[in-house]
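Predicted model only: the values in this text are computed from it and were never measured.
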Amino acid sequence: MSNDILDRLAEVLESRKQADPDSSYVAALYAKGLDKILKKIGEEATETVIAAKDADPEQVIYETADLWFHTLVMLAALDLKPAQVLAELDRRFGLSGIEEKASRAQ
């Protein structure tokens with residue numbers, strides 16, 4: 001189910017690349033450039049941390065959805081797909097975090 005949602009959202013985000021910035025929030029983000037998208041990710045990450053520190057489950061879910069959404073916008077802006085991130089997570093599955101980090105240092 002989650003892959004289906006990510007794939008459907010990725011298709012919509014891709015289609016917004018051609019949309020009029022006045023007609024779509026995502027198209028407006030693309031028009032403002034990668035720096036604006038990255039600033040939104042930072043903003044949403046901060047809001048997610050605050051919600052978690054407040055131990056407010058409903059807000060944590062809401063802010064995490066915003067963070068994931070804006071991260072997906074970033075991926076689309078860079079012509080990357082959620083499937084590529086999922087493949088990397090799959091590659092790491094079963095590795096200890098210490099092993100995975102050591103493999104990147106080589």
Original post:
Is Y30 reaching over with its side chain to a backbone N or O of L13, donor-acceptor style, under 3.5 angstrom?
Top reply: yes
Determine, using the 4.5 Å side-chain heavy-atom cutoff (strictly less than), whether V49 and Y62 are members of one ILVMFWY cluster. no
Separation between CD (E47) and CD (E63), nearest 0.5 Å, reads 4.5 Å
Residues H70 and I37: closest non-hydrogen pair is O-CG2, 4.0 Å
request  = Start with the C-alpha gap between V73 and F69, add the side-chain angles, then the distance that decides, and say whether side chain to side chain contact (heavy atoms under 4.5 Å, CB included) holds.
outcome  = CA-CA 6 Å; V73 172; F69 176 82; 3.8 Å; yes
I'd like to know if L86 and L75 are part of one continuous hydrophobic network [Ile/Leu/Val/Met/Phe/Trp/Tyr, side-chain heavy atoms within less than 4.5 Å].
yes
Note: P21 and A31 closest approach over all heavy atoms is CG-CB, 3.8 Å
dist D54:CG -> D56:CG (nearest 0.5 Å) comes out at 7.0 Å
Do the charged groups of E43 and K39 touch, with an N to O distance under 4.0 Å? no
In terms of hydrophobic clusters joined by side-chain contacts under 4.5 Å, are V12 and V26 together?
no
Interatomic distance, CD1@I61 vs CG@D66, rounded to 0.5 Å, equals 12.5 Å
Applying salt bridge (Lys or Arg N to Asp or Glu O under 4.0 Å) to K81 and E14, what does each step give before you reach the verdict?
CA-CA 10 Å; K81 306 285 184 221; E14 193 64 33; 3.7 Å; yes
So CD of Q84 and CG of L78: to nearest 0.5 Å the spacing works out to 10.5 Å
### Query
With a cut-off of 6.0 Å (strictly less than), are more than 12 heavy atoms of other residues, nucleotides or ligands near OH of Y25?
yes
To the nearest 0.5 Å, atom CG of L29 lies from atom CG of L38 at 10.5 Å
Correct closest heavy-atom pair for S24 and R16 would be OG-CD, 3.2 Å
side-chain contact (heavy atoms from CB on, under 4.5 Å) with L67: of L72, T46, T48, only one passes, and it is T48
| message | Pair D35, K40 - check salt bridge (Lys or Arg N to Asp or Glu O under 4.0 Å), show working. | response | CA-CA 9 Å; D35 283 352; K40 282 301 295 180; over 6 Å; no
One should read off an interatomic distance between L6 CG and W68 CH2, to the nearest 0.5 angstrom, of 7.5 Å
- Item | Check against side chain to side chain contact (heavy atoms under 4.5 Å, CB included), M74 and I41 | CA-CA 8 Å; M74 175 201 64; I41 292 171; 3.6 Å; yes
- prompt: E11 and R8: salt bridge (Lys or Arg N to Asp or Glu O under 4.0 Å), yes or no, with the steps?
  reply: CA-CA 5 Å; E11 286 177 27; R8 287 181 9 229; over 6 Å; no
